[in-house]
Structures are given as C-alpha cells and as structure tokens.
Amino acid sequence: MSSAAPTAPDAAPEQAIRQADQVNRRPRTTRLLAAVGRHRGDVLVALLWAVLAGWLTHGLWPDPAGRILSLNPEDQALYEWFLAVDARALLGDFDLLSDRLNAPDGVNLMANTTVIALGVAFAPVTLLLGAPVTFALLAAANLAGTALAWYLLFHRTLRARRLAAVLGGALCGFGPGMVSQTNSHLHMTAQWLVPVIVWLVVRLLRASDPGPTPAGPGRALAAGPDRRRMITSAVGLAAAVTAQVFVGEEVLFLAAITLLVMAISYAVADRDLARRALPGFAGGLAIAAGLALLVLGYPLWFQFAGPQGVADGMFTPAYFSADLSSWWTLSPLSVAGSDESARLTTGPAEYNTFLGWPLLLVAAASAMWVGRRRLVFACVVAGLVMGALSLGPEVVLGGTKTAIPGPYALISGLPVVDGALPMRFALALLPIIATLLVLAVDRALRSTGRARRLVPLAVGAALLPIFPTPLPTADRPAVPEFVTGGHWRQCVRPGGVLVPVPLPTPKEPWPMRWATAADAAFGLPEGFFIGPYGRGGSAAMGTFKQPTSALLADVARRGDQPAIGDEQRRQAARDAEFWGASCVALADDAPHADSLRATLEQLYGPATRIADAWVWRV
C-alpha cells in the first residue's frame, strides 16, 4: 500500500495553475533563455545565416560611410538617399511626392524602388548612425532573413528534417541571384516576407478544404471549411502583401506569378482538392485582395497616375533577357565561377540564372527520385515556366540572338509586366529548386538505405560550386565637411534647395550623398531617379538638364572654361530661380574645381568660403 496521501480530484489542475504562475513570475531574462533553449536549433541556424551574411558584406563594415560596393556603386548612392528620405517619416516630414530631389518637380517615391517599409523601420538607425550604416545592415539582413524565413517554412510547414531545411534555406537566401542582387538592389533581396505569404496561402488552402465527403449515411459527418482560420489567413495575407508592396513590388509580382502557376498545376494534379477547396479559397483571396486594396488603393493610384508617376516600365525586355547558356554557367561571385562568364549578363547585379549544371542536374534527379507528388509536379511546372520567361522575347545563346521567340513575347507589353525585368523571373527558381532539394534530402534522411547518405552528399556537392564569395568593396571619397559639419545651414534653410556642382545625374549621382549625409534635410535639383521624362511622358532615368547644369557638367568633364556673357548670366539666374535654389556650392574635391570656380564666379559673382566649399548665395 502506498504511504502517499490521497489526492483530491481538483488537485492536478490547481497544481498546474500554480506551476504556470511560478513560470510567469520568473524574471523575463530567465523566460527568454528558456525559450531560446527550446528553439536552440533554430537559433543556431539564425546565427549561422547572420555570420555568413556578415562575412559576405564584411568589406563595408570597417567604415560604412567610407566604403562602397564597387561593382554597382551608383545604385548604392541611390538607395542610401532613399533610406535617408524614408527616415524622415519619423520626423513627420515625409510625402509620397518627395521635394528633396529633382527640384522643383520632385520625385514620386512609389514609382521608384524606395523600400519605404525598410527605410521607416530602420529610421532610428539612419537618423542616429547614418544611411550608409542602415544600407550595410540591410544588405546583410536581407540575405540572412530570407534564408531563415525559408528555413522555417521548410522545417515547420513542410515538416522537413533540419538538415534538409538548412540546405533549402541556404539556397534561397544565398543563391547566386540573391548574392548578385545584393550589389545595391535592396528591393530585390528583401524576400523574407515571401515565405510568409506562401505560408498564409497554404494555410488558407488548408482551411478552405472541407475534407473528403464520406459516402452513404456518414455524409452529414463531413468536415466543413475552417472559417475562422480562413478569415485570419486572409487578413494576414492582406497585411503581408501590403507590407511587401512598400518593400519591393517586383518581388511581390514574381511571387504572385509563381504561386499562380503552382496553384494551377496543383489543381490539375489534384482535381478533387480543387473542387472541394476552390470556393472557400477563392473567397479568402477575394477578402485578402479587398483588404489590401483599402490600404494600397491610393498609393498605387499615386504610383501610376499621380504627380511624377509613370504607368510603364522603362527597361527594354530584349536587353534584360537571360542568356540561355548562363543557366549552366557558374556565377563570377561564387567560389568556382569565372570573371569571363560575366559577359552573359547585363551587369554584376544580375547573375540571376547562373546556377551551374551540377545544381540543375541534381535538382532534376531530386524531382524524379522523390516521385509523383503534387508539390513536385507544381514545382517542376513553375520552374519551367519562370525559367522560360526569363529568356525574354527572343532566345539568346552565348551572346548571339537566335531569332527564336521566347515565351516572354506572349506577355510582353501587358500592363505591369514590363516593369519586371525578364531575367529576374529566374529568381523564382531558387525557392523552387530548394523545395525539390528539401523534399529529396528529407526523404533520404527518413530512409535506412544508402540514400540516407548519398542524397545529402549529392545535394551538398551540387551547392558547393555556387558557394558565394565576399562582395567586392572599395573606398569612396568623403562627403565635404561643409555638409557633415552642418555648415550648409548658413546658406540654405532646412527644406530648401542646395545646388551642388556638378549636379547629380544617373551615371554620376555622387552629390546625392551630400543630401544623404544631412538626412535629406535639403533638396537637390535633377538627380538619379525614375520619372516621366521620356518621349511622350514615358518613364525615363533622370530628367532634362537645365542649360546652366549642362554648362557646368561640360566644364567638370573637360576642364575648359567657356566664354561667359550676359546671356549665360541671365540663364544662370533663371535656372537658379527655376530650381528654387538658396545657394550653389562647390567642394574642393570636385573635378576640375578651379575651372568650375572661375566659371561660377562669372555666372554668380564672388564666392564665400565656408569650411571646405565655395558658396554662392543666389
């Protein structure tokens, strides 16, 4: 007989409540450590991605303001200006039509890849430490965050073993296209919301499925759609889509096309599921779209039809098409890549298709080995469609046009479509191939035969040649002390217009760094942006140069001093009035500074010396 005292029926629940209270009374640090302990595997994976992302971008870290990504420095200057303008939302000084560039017309922020959500979220960092620090943080965080988000989707939703999920997440976050896009394209690498969107779509589909209806008398017992989960999934999907619009619309567009192709393929493979779930699933998507449009309606109208808005893409699809031979070529930014292969694309930020033949072969073998699963079928179809679309309107092989029409020709010219570069459709192949690899490795790890070792080794061997190398960086000139020391306030009020000489252009946007260093507290004329300055008001990069701007640009390029007469002086006054300029500034390190100063003195009179710049109040 036991010597323990008898236990009352309600003792167990009361004891559980007391234990829960004790847990809640623990110090917050203790509870946090306990949570970390429960998820230590995921935490270690997150740390792994953070270390890898930091290593790839380590060239920026010694001095973010003094270092730059050397393969695409112009875009980095642009995105740092975006971040500075976005951060002003924290100061209550923000509008979708920014007057801090292209004075006096301004810039439509929705028509440009301004990563508004990222800029606002990191505004405290930008205002305290500067936009270059925020840029460096985001360059690394986007890689690590995307890898982690896909890892969690594979591990939690797909229920894959950790090793399989790690390999899949690595490819999604650190694949060739992601690493090359990190050369300043923050809007393309911020893909950590895409797995969330995929998860919400899957959750909505599962909630919409009432399940197979039993035959006979049991028909009344059939499960119905989970309406509560349907609504929460639709609301969550609307929120995620809305946020992604303010991060990067092109990524959202590519994700939507991929999911559409996969949904159709999945429905073809499982028609019973399609019949059962389609009504609820379509209704949930309609709710999500409606909720998203309540928030996005005005910003999207502003983007396409508002002031300085553009309704079309400005990039030529034929030029930004993937070379067919680039698919089995290795990226120059990978350990086994060669600089010679760079000729197969438009620039170092667009190695989107450079997956290499080992990975393509292993991906195909994985799809065949996993078997006839609906998800595999959907992935294969979507991969083929997105890969084919990346080839553009005409297939190019080894740099030579073949005169063979590409599938993209079928959709070219449709609204919104040309806003996404054809070669970027290939970015969808990273998560698609990663899913196939995850399924194959997971199946192998659950087996007991030779495949348990051979499949993970084969996948690892295929990923090894595309392992990324650190992004090249270089020193950049310091911003004049005239700006960093706040001396600009002596000649222009906050919110006014400062004219740096020479003025910024898309090819030489460096004076935009002045405004960035001042947290976009003053405006600039002209600059690097997308606006309606093409033929017939179509999209173009930059704007028309005013006569005085063109004259000064020629002096900066050649060093020759032009003849200045009354007409040039009157034009200079008209241009300054057009810009709404408070002052013109020339830094000591400007190209051909002596010739520029002499020209400016003929145009605007004697200069005033402020810190390390010559200033003309106009």
Side-chain angles (χ1 to χ4, degrees), residues 57-85 87-88 100-101 122 125-140 183-184 186 471-492 494 497-528 552-553 555-557 559 583-597 600 607-616:
T57 58
H58 77 269
L60 296 173
W61 292 109
D63 180 14
R67 303 284 294 173
I68 199 165
L69 294 171
S70 58
L71 297 181
N72 195 17
E74 296 84 1
D75 281 3
Q76 181 171 343
L78 172 65
Y79 276 87
E80 288 176 352
W81 183 85
F82 285 158
L83 293 171
V85 170
R88 299 200 65 81
R100 303 307 157 90
L101 196 63
F122 281 78
V125 177
T126 302
L127 296 176
L128 288 174
L129 302 177
V133 174
T134 302
F135 178 90
L137 280 172
L138 287 172
N183 284 295
S184 303
L186 298 181
L471 296 172
T473 56
D475 292 327
R476 57 177 164 178
V479 176
E481 201 270 336
F482 167 73
V483 174
T484 59
H487 303 289
W488 61 270
R489 292 185 175 86
Q490 297 181 36
C491 70
V492 58
V497 176
L498 172 67
V499 181
V501 178
L503 279 74
T505 66
K507 292 185 177 180
E508 296 184 341
W510 319 125
M512 290 171 60
R513 296 183 59 224
W514 292 22
T516 298
D519 296 325
F522 55 78
L524 301 173
E526 302 179 8
F528 182 14
L552 295 172
V555 174
R557 183 172 57 255
C583 65
V584 176
L586 173 68
D588 290 341
D589 62 353
H592 300 293
D594 291 338
S595 296
L596 282 171
R597 179 187 169 193
L600 286 165
T608 301
R609 182 71 174 179
I610 301 179
D612 55 352
W614 297 98
V615 175
W616 290 263

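Bear in mind that the values here come from a model prediction, so they are computed numbers and not experimental data. Any value given below was found using the heavy atoms of this structure, including those in side chains, with hydrogens, waters and symmetry copies removed.
- When every heavy atom of A587 is checked against every heavy atom of A593, the shortest pair comes out as O-CB, 4.2 Å.
- Annotation: side-chain contact (heavy atoms from CB on, under 4.5 Å) contacts of A87 (sequence neighbours excluded): A123, T126, L127.
- Applying the salt bridge (Lys or Arg N to Asp or Glu O under 4.0 Å) criterion to R489, with sequence neighbours excluded, gives no partner residue.
- Partners of E481 according to the side chain to side chain donor-acceptor pair (under 3.5 Å) rule, which considers only residues two or more places apart in sequence or in another chain, are H487.
- If you take SG on C583 and CH2 on W488, they are separated by 9.5 Å, rounding to the nearest 0.5 Å.
- Closest approach of L596 and A590 over heavy atoms only: CD1-CB, 4.3 Å.
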Show me the donor-acceptor pairs within less than 3.5 Å that the side chains of residues 502-511 make with the rest of the protein, sequence neighbours left out.
from : atom 1 : to   : atom 2 : distance (Å)
T505 : OG1    : E508 : N      : 3.0

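- Applying the salt bridge (Lys or Arg N to Asp or Glu O under 4.0 Å) test to pairs two or more places apart or on separate chains, those with a residue in residues 510-528 are E526-K545.
- In this structure T57 satisfies the side chain to side chain donor-acceptor pair (under 3.5 Å) test together with W61, sequence neighbours excluded.
- Applying the ring pair (Phe, Tyr, Trp, His ring centres under 6.0 Å) rule to F82 yields the partners Y79; only residues at least two apart in sequence or on another chain are considered.
- Of the possible donor and acceptor atoms, one in the side chain of S70 sits under 3.5 Å from a partner among the backbone N and O of P472.
- Between A556 and P591, the shortest heavy-atom distance links the atoms O-CB, 3.8 Å.
- To the nearest 0.5 Å, atoms OG1 (T473) and CD1 (I68) are separated by 10.0 Å.
- The salt bridge (Lys or Arg N to Asp or Glu O under 4.0 Å) test applied to D475 returns R67, not counting sequence neighbours.
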Show, in sequence, the C-alpha distance, side-chain angles and deciding distance for L471 and L71, and conclude whether the side chain to side chain contact (heavy atoms under 4.5 Å, CB included) test is met.
CA-CA 8 Å; L471 296 172; L71 297 181; 5.6 Å; no
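- Nearest heavy atoms, W614 versus A607: CE3-CB, 3.8 Å.
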Between F122 and L83, does the side chain to side chain contact (heavy atoms under 4.5 Å, CB included) criterion hold? Intermediate values first, please.
CA-CA 8 Å; F122 281 78; L83 293 171; 6.0 Å; no
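- Under a 3.5 Å cut-off, the side chain of Q76 and the backbone N or O of L69 do form a donor-acceptor pair.
- Not counting sequence neighbours, the partners of D588 by the salt bridge (Lys or Arg N to Asp or Glu O under 4.0 Å) test are R609.
- Looking at every heavy atom in both residues, A585 comes nearest to W514 through CB-CZ3, 3.8 Å.
- The closest donor-acceptor contact from the side chain of N72 to the backbone of N183 lies under 3.5 Å.
- Nearest approach of V125 to L137, heavy atoms of both residues: CG1-CD1, 3.8 Å.
- Within the structure, salt bridge (Lys or Arg N to Asp or Glu O under 4.0 Å) contacts touching residues 75-84 (residues at least two apart or in different chains) are E80-R476.
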V85 and L101: side chain to side chain contact (heavy atoms under 4.5 Å, CB included), yes or no, with the steps?
CA-CA 10 Å; V85 170; L101 196 63; over 6 Å; no
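- Within the 4.5 Å cutoff, side-chain heavy atoms of L600 are placed close to those of L552.
- Using a 4.5 Å cut-off on side-chain heavy atoms (C-beta onward), F482 and Q490 make no contact.
- Residues satisfying the side-chain contact (heavy atoms from CB on, under 4.5 Å) criterion with H592, sequence neighbours excluded, are S595.
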